[in-house]
Amino acid sequence: LQAVKGIAWIDKEPSMLNVMPVLKREDATATILSWIKKYAGQQNAYSEDVILPNVRYVLKEWKKDDAVHAAKQDVPSIILYCPGIQPSEKEELLGKTLTLSKIVLDDAGEYSRKSWAFNIVQVVDGRYQETVNNLTVTRDEITFVLDEQFALQHGITKGYKDLSIYTENQLSLEDTRVVYDRVFALATGTPGGMFQYIPDVIDDTTRISDLLSWLGNVTFYIAIFLSITCIYIVVYGKYQLQRRHWGIYRSLGMRSNSIYNCLLLEVLAYFTAAAIISASLYGVFLFVNRVSYSMAFYFKIFGVTVFAVLLLLLAASLFMKQTITKDSIASLLKVEE
């Protein structure tokens, strides 16, 4: 997987949940004991040994010319990273034995304890850091670094539980799909794997967002059309119900433009009331929900929408004016049997 084009680095977290690092109590320094007390309290059940809690492990492939590899004899070597450890404590821990212990189920179906002794060949004051291709990974806990081949061959770990895959910048679409295909093929055969095939997730999310956007636009335009239609029907309907009244006014000298102005005022009254109620509900919705942009941005959009609706209402009222102008006084005063 590391050789796949586009992958810059893979940070591997070994599966060591049931592995306990054990140190002789007499070898534990003040910083180690303080760490134990902070994360595990007092361990009265162990009089001779102490178990280090909240630790991390790093498996590395040690080369034969590595100084740590050369220091190995009968006992394998291990490196300890301990934040805040004092120089005098580092000297005390060098050459001491650290034991990794775990409970295993043997072929007979019985539980037994297996232990592996390591020689502490290096103690580092600070957090473990690893930098590859301008990428830096830091572990804040006490960290043990041991030989990857030894850990796998002797059953200390069966492999890795987490893989953090870092890709190069500006990958092409083809390289991205190759990376995801290889990782997906690796994760498919892993029980309990939590890998998601991101290209499919992106495609599904895009389709859903496009559908919701389309539905939102359709709903928006339908709502505007229905609002304008309802106001027009209400106002023009009232005009039709009061035809004789308007005919009497016309016979007394009232012009059709005056009738239109009265109806237009009623339209604007309905529009103003609807705009105030809508603005109030819209403001409450914005305050209740977490929005991505400033409140002014959303109210500008609301203002543009209200202005567009007003223009459409005025256009509809002009159509209503033409209808009113065509009505004669006689037709308004006529009583239909």
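Quantities reported herein were computed from a predicted structural model and do not represent experimental measurements.
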Requested in this report: Would you indicate whether the side-chain heavy atoms of Val22 and Val50 approach each other to under 4.5 Å?
Outcome: no

Query raised in the report: If you measure from the Lys or Arg side-chain nitrogens to the Asp or Glu carboxylate oxygens, is any gap between Arg127 and Glu141 under 4.0 Å?
Result: no

Query - Donor-acceptor pair between Ser256 and Arg250 side chains, under 3.5 angstrom - result: no

**Report entry** Asp49/Lys24 salt bridge by N-O under 4.0 Å criterion
**Finding:** yes

Query - Note, Tyr160 side chain near Ser15 side chain (heavy atom, < 4.5 Å) - result: no

Query raised in the report: Is the closest side-chain heavy-atom distance between Phe118 and Ile156 below 4.5 Å?
Result: yes

Report task. Give a yes or no on this: more than 12 heavy atoms of other residues, nucleotides or ligands lie within 6.0 Å of atom NZ of Lys238. Result -> no

Report task. Decide whether Ser328 and Ser331 meet the rule of one side-chain donor and one side-chain acceptor closer than 3.5 Å. Result -> yes

Query raised in the report: What are the two closest heavy atoms between Gly247 and Ile329, and how far apart are they?
Result: O-CG2, 3.8 Å

Query raised in the report: With the threshold set at 4.0 Å, does a side-chain nitrogen-carboxylate oxygen contact exist between Lys12 and Glu148?
Result: yes

Requested in this report: Tell me, yes or no, whether the heavy-atom count around Gln149 atom CD, taken from other residues, nucleotides or ligands under 6.0 Å, exceeds 12.
Outcome: no

Query - Ionic contact status for Arg139 with Glu130, cut-off 4.0 Å - result: no

